[in-house]
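A short write-up of the structure that comes next.
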Amino acid sequence: MAVQYQGYKQTGSQKAQATAHLAQTMSLLALNSQELTQKIESALAENPALELVDGRFCPKCHRQLKGSSPCPVCSFKESQIAGEDEPIVFLNSPSDNIGPRSGQSAELSEDFPTADKEDLPTYVLRQIGADLAADEMEIAAHLLTAINDDGLLEAKLEDIAQFFFRPISDIEAVADLIQRSDPLGVGSESSQAALLVQLEVLMKSDDEDYSLYRQAVMGGMEKLGKRRQGDLAKKLNISIEKAKEITQYIIDNLNPFPARAYWGSKRNLTNDAPTTLQKPDIIIGHQQDDQRLVVEVMWPLFGLLRVNPLFKEAVKNAPEAKADDWQIDLEQANLLIKCLAQRNHTIVRLMQIITILQREYILNGDAHMKPITRAKLAIELGVHESTISRAVAGKSVQLPSGKIVLLSQFFDRSLHVRTALKTLIAQETKPLSDTKIAKLLAKEGHEIARRTVAKYRNMEGILPAHMRKTLLAKV
DNA sequence: CTATGGCACGGATT
DNA sequence: AATCCGTGCCATAG
């Protein structure tokens, strides 16, 4: 890369700075907002030249924001640049209380291995603290420390009861409170119990189907997990459509691992890595009166990060002994800020293109996904592929529907075919064999091999044709 | 014999 | 260079 700089007279240090700049931008780009928060916080702690100005500033145009979080000036400017149908993209500084509009299970997410585990317990304790007597507090604390990374309780209630010499009902009462606080279902003894709690709170038990859902969770955990709707239908003696509806609802709205943000929604056939989704790094919404999409790139901190002007002054007449150190601090601070700006710029541009390309998908759902590759995007943006990879890695997006998906999902090559397949099967009168499905899909323009149909079918948890037949006959 | 799932290969993607 | 994904071939079940 040194080649780029041929012809320019650069001193060694400038060159070093340029490469350092690049390197740091790269590494920052790969971080999502949570990781970035940590990074910035530690930088803030170590480097006296940095300061976090409180109050809300637009990180882009540096105007102070009055109340409303989107910066009117910026978004206006962006929209002018973007033109009519194109999205408005802007940075948004505050990052508190973001979360799906539905507002439940995906809210909290202290879920990175490095993320402080103490946070979850304290977080919960803060919620319920007011309702507890002092002695109950102790029980709660005890319970909360026994919660594992998934948000499930590892200890047995009886043991704890013994430990405190209290009747088990006392412990249960506290446990109930905990389970009903924010990451709904935390501190349940099993995934199943967690689901039941969530179900109870969400549906308020006045829904007519409540008992059905309840049974589905009680009886069919494995079936839900593997998305075997067929088996579920059989077990509950209901139609397969109903079974699908139930599983879908559960997958969309409930969370067997309360400490993790989301589950399902992306097919992890490869059981592992339940791809923990966190607070979104990017939020896409739209204004009612406007066709344009509004894209907010989240800024992980409150306020504006900048070089402390006082420090800058101080460096000028620094005492001999400290001068060098301070100078270095200052440079690093500048560098960090520059890199952050660069990172944001890259992400904003990336999102601009993506929202244009995947507009249909964003608004209308999976079926309208267009297969795009990182490589193509890289050409379009005029950056290296790896830049895109980094920018996409580990980030998540909240769609207007409130659904949170990984940014990498925008590059899923087969999603649109799979949804086509799903609708096909949903409409079938008699079970279609994979071969027939393949032909039908080909007519719709999705040329895939028979073998691949089977794979997709599996991914979506749809049973093979003959099994579907027996089920339909039964109902 | 037909419909599917398993294994593994090759090309594309990252 | 490592990984993912579609696909072909073959074994197995119905």
Side-chain angles (χ1 to χ4, degrees), chain A residues 1 22-23 25-32 222-223 225-231 234 240 266-275 281 343 346-347 349-351 353-354 357-358 366 369-397 405-422 424-425 428-474:
Chain A
M1 66 166 57
L22 269 175
T25 309
M26 283 302 166
S27 66
L28 288 177
L29 193 57
L31 302 177
N32 62 29
E222 341 67 68
K223 318 263 181 343
K226 291 178 197 148
R227 314 242 197 132
R228 311 289 298 222
Q229 289 117 341
D231 295 352
K234 202 185 259 174
I240 190 154
K266 41 240 95 283
R267 50 272 153 289
N268 291 324
L269 194 63
T270 45
N271 54 38
D272 62 335
T275 333
D281 303 283
R343 169 188 187 273
T346 309
I347 294 179
R349 281 201 306 159
L350 174 74
M351 287 314 297
I353 305 272
I354 288 186
L357 255 43
Q358 297 287 28
D366 293 354
M369 161 75 67
K370 295 200 188 84
I372 54 177
T373 72
R374 292 163 174 78
K376 279 180 199 152
L377 217 54
I379 295 169
E380 190 132 355
L381 271 173
V383 298
H384 196 290
E385 299 177 12
S386 68
T387 309
I388 306 284
S389 281
R390 287 170 186 284
V392 167
K395 313 249 180 352
S396 49
V397 183
V405 299
L406 285 176
L407 188 50
S408 61
Q409 167 134 21
F410 283 74
F411 299 89
D412 192 312
R413 264 170 295 157
S414 58
L415 191 60
H416 62 301
V417 186
R418 288 205 305 275
T419 43
L421 178 140
K422 265 198 286 189
L424 213 55
I425 291 190
E428 77 186 359
T429 37
K430 71 177 175 38
L432 299 159
S433 78
D434 286 357
T435 322
K436 283 177 187 154
I437 294 174
K439 280 185 182 163
L440 286 173
L441 282 176
K443 276 188 185 171
E444 293 179 23
H446 306 300
E447 300 253 351
I448 56 171
R450 180 235 103 215
R451 187 65 190 77
T452 311
V453 174
K455 284 259 161 89
Y456 288 173
R457 204 165 37 64
N458 249 325
M459 283 189 196
E460 301 298 339
I462 300 168
L463 291 171
H466 56 279
M467 302 271 292
R468 299 207 298 275
K469 190 171 189 174
T470 53
L471 281 167
L472 285 176
K474 196 160 187 164

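Lettering follows sequence order; numbering is per chain, from 1. Values reported hereafter were calculated over all heavy atoms of this structure, with side chains retained and with hydrogens, waters and symmetry mates removed.
- Between A:D434 and A:R457, the closest side-chain pair of non-hydrogen atoms falls below 4.5 Å.
- Between the A:K455 side chain and the A:R451 main chain, no donor and acceptor come within less than 3.5 Å of each other.
- When side chains are defined from C-beta on, A:L377 does not count as touching A:R374, because their heavy atoms never get closer than 4.5 Å.
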Practice prompt. Please report the C-alpha distance between A:R418 and A:E460 in whole Å, then the side-chain angles of each, then the deciding distance to 0.1 Å, and finally whether the side chain to side chain contact (heavy atoms under 4.5 Å, CB included) criterion is met.
Written response: CA-CA 8 Å; A:R418 288 205 305 275; A:E460 301 298 339; 2.9 Å; yes
Check nucleotides 11-14 of chain C for protein N or O atoms closer than 3.5 Å to its own N or O atoms and list the pairs.
none

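- Positionally, the nearest nucleotide of DNA chain B for A:L432 lies more toward the 5' end than for the other of A:L432 and A:T373.
- Using a 4.5 Å cut-off on side-chain heavy atoms (C-beta onward), A:F411 and A:V392 make contact.
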Check: protein-nucleotides 2-7 of chain C nitrogen or oxygen pairs below 3.5 Å:
from	atom 1	to	atom 2	distance (Å)
C:dG6	OP1	A:Y456	OH	2.5
C:dT7	OP2	A:A449	N	2.9
C:dT7	OP2	A:T452	OG1	2.5
C:dT7	O4	A:K455	NZ	2.7

Worksheet entry | From CA spacing to verdict: side chain to side chain contact (heavy atoms under 4.5 Å, CB included), A:Y456, A:I437 | CA-CA 11 Å; A:Y456 288 173; A:I437 294 174; over 6 Å; no
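- A:R390 comes within 4.0 angstrom of no nucleic acid atom, judged by non-hydrogen atoms across all strands.
- Side chain of A:Q358 to backbone of A:K370: a donor-acceptor contact under 3.5 angstrom is found.
- Taking the side chain as every heavy atom from C-beta outward, A:I462 and A:L421 approach each other to under 4.5 Å.
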Fill in: Derivation and outcome, side chain to side chain contact (heavy atoms under 4.5 Å, CB included), residues A:V417 and A:T452
CA-CA 11 Å; A:V417 186; A:T452 311; over 6 Å; no
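- Nucleotides of DNA chain B that come within less than 4.0 Å of any heavy atom of chain A span, from the 5' end to the 3' end, B:dT4 to B:dT14.
- The closest donor-acceptor contact from the side chain of A:R468 to the backbone of A:L463 lies under 3.5 Å.
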